[in-house]
Amino acid sequence: MNDRLPLVIANLKANKTWDEMSLWLEEITKGTGSFPGTIIVCPTATFIASANQKLASLSSSLKLGAQDISRFEQGAYTGEVAASQIAGLVSYAIIGHSERRQNFAETDDILVQKVLNAQKAGITPIFCVQGPDTPIPQGIEIVAYEPVFAIGTGNPDTPENAKAVSETLKARLAALASIPSRSGRAKLAKGDYVVVYGGSVTPENTKSFLEKGMINGALVGTNSLDPQNFIQILNSAA
Ligand code: PGA
């Protein structure tokens with residue numbers, strides 16, 4: 001992960017028309033020029049190519065992420081978006097969001113395939129876990145801790161618990177990396193892993209999750225939709 005921290009991710013889910021999305025990109029680019037970390041916007045798959053062009057035309061520093069990618073490499077899989085098809089357009093992909101696990105029956109084995117496809121395509125996975133014990137595939141450097149009870153409910157985890165979970169996750173990631181990985185990557189230290197928190201993040205609670213550095217960013221759903229709200233979250237994360 002070479003991008004600067006904190007990492008603040010807008011997961012727009014299946015929201016916004018292209019016109020709304022285009023305006024959102026303009027407003028966020030205008031309002032966040034001095035943000036010291038990395039802003040990643042994850043639009044619905046169909047807007048990825050246009051969002052990429054739009055960000056280039058705005059000379060924006062926002063990075064693009066996918067909300068998901070296919071478990072299949074390519075071929076006869078109607079409706080799927082393969083990692084190789086969006087490589088070069090996105091830098092990141094959210095993999096294993098609880099909404100995908102619940103609504104699309106994504107199992108741990110399927111998620112391993114998705115992670116491998118992302119890595120092969122040069123896309124960095126943002127791997128979502130729902131608790132400290134959720135299985136994590138090898139080679140993951142960025143984890144989003146997203147307890148299901150907190151997603152879209154207005155009922156966030158406590159910063160204390162989220163920090164404790166983050167610490168456990170970083171130790172697990174470091175331990176996983178000591179198993180020789182397929183890519184033979186250099187081993188990272190515990191402090192090199194990034195854990196972001198997601199679940200009812202608001203402009204008011206962002207700071208409490210990020211202070212002291214155990215949590216390195218936020219994954220924001222509902223409160224990313226209104227650009228002014230999201231700018232406030234970025235300001236408190238800065
Ligand atoms: P929320 O969603 O901010 O609406 O709770 C977070 C997420 O689903 O990633």
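In this chain, residues are counted from 1 in sequence order. Both ligands and their constituent atoms are indexed starting at 1 by order of listing.
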Under a plain distance cut-off of 3.5 Å, with no hydrogens placed, do Gln67 and His97 share a side-chain donor-acceptor pair?
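Distance-only check fails for His97 and Gln67.
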Does a side chain donor of either Glu27 or Gln228 reach within less than 3.5 Å of an acceptor in the other side chain?
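Yes, side-chain donor-acceptor contact under 3.5 Å.
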Is the closest basic N to carboxylate O distance between Glu26 and Lys54 below 4.0 Å?
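The answer is yes: the pair qualifies as a salt bridge.
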Any salt bridge linking Asp109 with Arg71? Criterion: basic side-chain nitrogen under 4.0 Å from a carboxylate oxygen.
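Salt bridge flag = no for Arg71 with Asp109.
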Side-chain heavy atoms of Pro43 within contact of Leu64, under 4.5 Å:
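Pro43 reaches Leu64 side chain to side chain.
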Pair listing, ring pair (Phe, Tyr, Trp, His ring centres under 6.0 Å) test, anchored in residues 21-77, at least two apart
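Pairs touching residues 21-77 that pass the test: Trp18-Phe47, Trp24-Phe230, Phe72-Tyr77.
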Neighbouring residues of ligand 1, heavy-atom cut-off under 4.0 Å:
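Shell around ligand 1 (4.0 Å, heavy atoms): Asn11, Lys13, His97, Glu146, Ala150, Ile151, Gly152, Gly199, Ser200, Leu219, Val220, Gly221, Thr222.
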